Structures are given as C-alpha cells and as structure tokens.
Amino acid sequence: MTSSDLSQLRIDRSSAAAGVRARRRPWGRIAAIAAAVLLAAAYAWGRFAAPVAVEAATVANAWPSQNYTLLNATGYVVPQRKAALSSKATGRMEWLGVLEGSRVKQGEVVARLESRDVRATLDQAAAQVNVARANLQQGQAELKDAEANLRRSSELLAKNYISGAQHDANIARFDKAKATIASLTAAIASAEANRRAASVAVEQTLIRAPFDAIVLTKNANVGDNITPFSSAADSKGAVVTVADMDTLEVEADVAEASIGKIKVDQPCEVQLDALPDVRLSAVVSRIVPTVDRSKATVLVKVKFVERDPRVLPEMSAKVAFLSKAVPPEEKRAVTAVVPGAIVERGGKKVAYVLKDDRALAVDVTAGAKIGELVEVKGLNAGDRVVVAPGDKLKDGAAVAVTKK
C-alpha cells in the first residue's frame with residue numbers, strides 16, 4: 001500500500017472525543033438543574049413549613065426603684081390649702097377679675113359686689129364723726145370760757161365783789177363744761193365705731209384671695225346674686241375656688257393590715273397616670289390617726305420632694321413606699337424583659353424578636369434584676385420577644401404566638 005492509502009486508515013481521535021463530550025453535556029445540564037430544583041424546594045420547605053408555636057412578652061421600661069418597694073398604694077393629688085371664695089355680704093356681683101387658671105396674690109381683689117348702699121352708709125358715718133368732732137371743739141371752747149370765768153369769780157369773791165351764790169354758779173358752769181367734754185369725746189368714739197362698721201360692710205363686698213393661689217373653678221358670673229348663707233333659687237354661694245399649688249400632696253389609701261410598713265418621713269416615689277414616664281420623689285408627711293371601717297384603710301398623706309408644673313389637683317396617682325431613697329443614678333427607667341426571653345446561642349446571649357410572624361435572633365446584654373424582670377441592652381421598649389425559645393427555634397423561623 002501506498003502512504004496515501006495508510007493515511008486513510010488512521011482514526012481521527014479529536015473528532016471522537018468531541019462527539020463524546022457532545023453526548024455527555026446534556027447530562028451535566030440536567031444535574032445542575034436538578035440541584036437548583038432541590039435547593040429551591042429546600043428553601044420553599046423552610047419558608048412555608050408549619051410555624052413554631054411560641055409564647056411572647058413585651059419589652060418594657062422598668063424603674064430600678066422597684067427593688068426598694070415595700071408597698072404600693074393608689075390615691076389622688078390634692079392641695080393642702082384650698083378655699084372657696086365668697087363674701088359675707090349679700091348682693092349682685094358687678095365685677096369679676098379672674099378666670100380659671102388665673103394666678104392671684106394674697107389680698108388681691110378677685111371680685112366685687114354692688115356696694116352703693118353700704119358706701120352711702122359709710123359716708124354718713126364719716127359725716128357723723130365730723131359732727132362729733134365739731135361739737136367737741138365747741139365744748140372745749142365752752143370749757144375754756146367757763147374756766148376763765150371761774151378764775152375771775154374766785155378773784156372777785158376774795159375781794160367780796162360778788163356773792164358766794166354767784167361763785168357757786170360759776171363753779172357749776174365749769175363742772176358742766178367738763179362733763180360735756182367727756183360726753184362729746186364719747187360721741188366721737190361712737191361715731192368712729194359706726195364708721196368702722198360701715199367700712200367693714202364695704203370691705204365685705206370685696207372678695208379677696210386669702211393666699212397666693214391659682215383659680216381652679218369659676219362658680220359665678222357678673223350679674224349673679226351672691227348669697228353665701230342661703231340656698232335661694234338662682235343664687236350663688238362661692239364665686240371661685242382657689243388652691244395653693246405649692247401645697248399639693250397625694251392622699252393614698254393604705255390597707256389597715258399594711259400600715260405597719262409605713263412611717264412618717266419614709267421615702268416614696270409617685271407615679272401619675274397622666275405622666276406615666278415620670279417618677280417624682282416624695283416622703284410620707286403624716287398618717288391620719290383613724291381607720292375607714294367601710295374600706296379597712298388608713299389615709300396616708302405624701303408630700304412631694306420633686307415638683308412638676310404639670311401636676312394638677314385630683315390627678316390619680318400610684319405611690320410606692322420605699323425601704324430607702326433611690327440613688328440618683330437609678331432614677332431613670334431602663335429597658336427590661338422577663339428573664340426567660342434571654343437564651344444562649346453559640347456562646348452569646350440572644351433574644352428572639354418577633355417581626356412579621358418570624359423570630360429574629362438579636363444579640364443582647366443582660367443586666368441587673370429589677371423585680372420580676374431583668375435589665376437588657378440591645379432591645380427597645382415595645383419590642384415583642386419569644387419567651388423560653390426552644391433549641392429548635394432558628395433565626396428567621398416562622399412562628400405563631402399562642403400566649404401573650
């Protein structure tokens with residue numbers, strides 16, 4: 001054979017290998033697709049698997065003072081100094097100078113009744129005083145004249161120029177003038193007393209603040225008849241009610257069985273329902289020495305040490321009676337949660353926060369115990385967390401809350 005014939009008998013291995021690779025390539029694609037399908041199925045199974053039943057709790061703001069609390073009680077804010085202002089006089093109110101919330105100073109006129117009649121009486125009494133004083137001046141002139149006449153009479157009698165009878169008449173005139181002076185002096189005192197009485201009557205038509213205070217309520221208007229000692233129709237008693245806001249305190253009802261835990265000057269902490277994020281320091285001012293038999297409670301009055309201008313009379317309050325005063329560094333609220341919500345995963349403390357029906361693991365740091373809670377950092381107040389999460393609960397797992 002020739003060399004050309006032998007070359008025809010050679011096997012083309014490159015073409016054969018390419019064919020084999022071509023035949024194997026579809027199987028590789030099928031395996032890759034199958035792997036992707038398996039991964040997608042695993043993801044879908046994890047996402048749509050039945051949710052884990054869990055119990056939930058809410059992260060709250062807790063106050064370290066709970067560790068010192070011996071007893072809790074409820075009550076109301078009341079002013080120690082409070083007055084319903086009226087007048088002793090009866091009449092129609094012609095002027096009112098305050099509204100609710102107005103601040104008044106001690107002695108300031110807040111309202112005025114009609115007073116033309118009593119002012120006329122005052123003017124009349126003042127005129128009577130002037131008349132009495134004029135009469136006194138006339139009497140003093142008469143006394144002076146009688147005294148001079150008696151002196152001359154004594155001189156003339158010594159020289160026998162007048163009779164003894166005439167001298168006795170001059171003595172009687174002098175004594176009468178002195179008696180008249182005493183009577184006129186008493187008349188002046190009487191007239192001045194009448195003037196003072198009329199002045200008091202005029203003053204009673206003015207309603208003044210008895211102490212520095214704030215007007216709480218307005219009970220009458222201009223034109224109303226003020227009759228403080230009567231219950232007549234269409235009449236008013238008190239015009240306004242005022243209170244000294246510097247004397248606000250809390251009156252709390254304490255169970256009779258627990259009164260032994262309380263003493264005067266004991267430190268307290270007051271929380272107002274209107275200001276839930278505020279705790280005000282206070283002390284026990286006094287304990288009313290009687291028991292309300294219908295409620296089996298003792299009234300305890302608590303005085304504010306820290307004041308807040310937002311505190312108003314009749315606000316409802318909760319009082320915590322403490323074993324000792326709260327240190328300054330513990331007067332702020334801290335984030336706290338039930339201890340069972342904190343678990344250890346991989347050497348770290350975590351809590352599972354509920355979000356969109358899933359449990360998300362969050363790293364946290366546990367602190368001191370506060371009552372039944374424990375201080376925690378890494379969570380926010382209001383977060384909902386899983387209580388006592390099991391070992392099988394994973395980060396991002398679907399959950400169903402069975403108990404809150």
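Computed from a predicted model, the values in this text were never measured in an experiment.
Summarising the local packing, NZ of Lys303 is surrounded by 12 or fewer heavy atoms from other residues, nucleotides or ligands at distances under 6.0 Å. Atom NZ of Lys331 is surrounded by more than 12 heavy atoms from other residues, nucleotides or ligands within 6.0 Å. Within 6.0 Å of CG on Asp357 lie no more than 12 heavy atoms contributed by other residues, nucleotides or ligands. Within a 6.0 Å sphere centred on CD of Glu372, heavy atoms belonging to other residues, nucleotides or ligands number 12 at most.
Checked for salt-bridge contact, Arg133 and Glu192 meet the test: a charged N lies under 4.0 Å from a carboxylate O.
Between the side chain of Thr297 and the main chain of Asp253, no donor-acceptor pair closer than 3.5 Å is present. Between the side chain of Ser153 and the main chain of Asn149, no donor-acceptor pair closer than 3.5 Å is present. No donor-acceptor pair closer than 3.5 Å links the side chain of Glu55 to the backbone N or O of Thr402. At distances below 3.5 Å, at least one donor-acceptor pair connects side-chain atoms of Arg307 with backbone N or O atoms of Asp246. A donor-acceptor pair is defined here as one N or O able to donate and one able to accept, closer than 3.5 Å; such a pair exists between the side chain of Ser154 and the backbone of Leu150. Side-chain atoms of Thr217 never come within 3.5 Å of backbone atoms of Asn219 as a donor-acceptor pair (strictly under, hydrogens ignored). A donor-acceptor contact shorter than 3.5 Å links the side chain of Asn67 to the backbone of Lys369. No donor-acceptor pair under 3.5 Å is formed between the side chain of Asp383 and the backbone N or O of Val59. Judged by distance alone, with hydrogens and angles left aside, the side-chain atoms of Glu306 form a donor-acceptor pair with the main-chain N or O of Ser281 at under 3.5 Å. Side chain of Asp308 to main chain of Arg310: a donor-acceptor pair is present (N/O by atom type, distance under 3.5 Å, no hydrogens or angles).
Between Arg208 and the choices Glu108, Gln106, Glu203, the side chain to side chain donor-acceptor pair (under 3.5 Å) rule is met once, by Glu203. Among Val300, Val319, Val254, the single residue meeting the side-chain contact (heavy atoms from CB on, under 4.5 Å) criterion with Val284 is Val300. When each of Leu312, Val78, Val77 is tested with Leu248 by the rule side-chain contact (heavy atoms from CB on, under 4.5 Å), just one qualifies, namely Val77.
Between the CD1 atom of Ile214 and the CD atom of Glu100 there is a distance of 12.5 Å, given to the nearest 0.5 Å. For the atom pair OG1 of Thr241 and NZ of Lys218, the computed distance is 12.0 Å after rounding to the nearest 0.5 Å. The structure places CG of Asn221 at 6.0 Å from CE of Met93, a figure rounded to the nearest 0.5 Å. Rounding to the nearest 0.5 Å gives a distance of 11.0 Å between CG of Asn130 and CG of Asn135. Between Glu94 atom CD and Arg112 atom CZ the span is 5.0 Å, to the nearest 0.5 Å. The CZ atom of Phe211 sits 5.5 Å away from the CZ atom of Arg81 when rounded to the nearest 0.5 Å.
Considering only heavy atoms from C-beta on, Glu251 stays 4.5 Å or farther from Tyr76 through its side chain. In this structure, Pro79 and Asp244 have side chains that are not in contact, with every pair of non-hydrogen atoms separated by 4.5 Å or more. Contact annotation: the side chain of Arg345 approaches that of Tyr352 to within less than 4.5 Å [non-hydrogen atoms, C-beta and beyond]. Annotation: side chain of Asp175 is in contact with side chain of Ile171 (closest heavy-atom distance under 4.5 Å). Counting heavy atoms from C-beta on, the side chains of Pro210 and Leu85 come closer than 4.5 Å. Pro64 has its side chain out of reach of Arg332: every pair of non-hydrogen atoms, C-beta onward, lies at least 4.5 Å apart. Within the 4.5 Å cutoff, side-chain heavy atoms of Leu280 are placed close to those of Val311. Between Arg92 and Asp224 there is no side-chain heavy-atom pair separated by less than 4.5 Å.
The shortest heavy-atom contact between Leu379 and Ala351 is CD1-CB, 4.1 Å. The shortest heavy-atom contact between Ala57 and Val338 is CB-CG2, 4.0 Å. Across Ala282 and Val302, no two heavy atoms sit closer than the pair CB-CG1, 3.4 Å. When all heavy atoms are compared, the tightest approach of Leu373 to Ala62 is CD1-CB, 4.3 Å. In terms of heavy-atom proximity, Val401 sits nearest to Ala56 at CG1-CB, 3.8 Å. What you find for Val215 and Leu99 is that their closest heavy atoms are CB-O, 3.4 Å.
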Per-pair distances, 0.1 Å, donor-acceptor, side chain in residues 137-144, under 3.5 Å, sequence neighbours excluded:
| from | atom 1 | to | atom 2 | distance (Å) |
| --- | --- | --- | --- | --- |
| Glu142 | OE2 | Arg173 | NE | 3.3 |
| Glu142 | OE2 | Arg173 | NH2 | 3.4 |

(Q) Assess the residue pair Val239 and Val110 against the criterion (side-chain contact (heavy atoms from CB on, under 4.5 Å)); give the C-alpha distance rounded to whole Å, side-chain angles, the decisive distance to 0.1 Å, and a yes or no. (A) CA-CA 9 Å; Val239 175; Val110 299; 6.0 Å; no

Q: Carefully, step by step, assess Lys82 and Leu216 under the rule side-chain contact (heavy atoms from CB on, under 4.5 Å).
A: CA-CA 9 Å; Lys82 180 180 177 182; Leu216 300 183; 4.1 Å; yes

Q. Thr121 and Asp117: side-chain contact (heavy atoms from CB on, under 4.5 Å), yes or no, with the steps?
A. CA-CA 6 Å; Thr121 302; Asp117 52 347; 5.7 Å; no

Q. Hey, mind stepping through Leu156 and Gln166 against side-chain contact (heavy atoms from CB on, under 4.5 Å) and telling me if it holds?
A. CA-CA 10 Å; Leu156 293 174; Gln166 182 63 39; over 6 Å; no

**Q.** Criterion side-chain hydrogen bond (donor to acceptor under 3.5 Å, both in side chains) on Tyr68 and Glu269, from CA distance to verdict
**A.** CA-CA 10 Å; Tyr68 312 128; Glu269 194 172 61; over 6 Å; no

Q: List the steps and the verdict of salt bridge (charged side-chain N to carboxylate O under 4.0 Å, His left out) for Asp273 and Lys318.
A: CA-CA 8 Å; Asp273 291 353; Lys318 298 181 180 66; 2.7 Å; yes

Q: Walk me through it: do Arg286 and Glu249 pass the test salt bridge (charged side-chain N to carboxylate O under 4.0 Å, His left out)?
A: CA-CA 11 Å; Arg286 54 201 183 278; Glu249 59 186 9; 2.9 Å; yes

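The side chain to side chain contact (heavy atoms under 4.5 Å, CB included) test applied to Val222 returns Leu96, not counting sequence neighbours.
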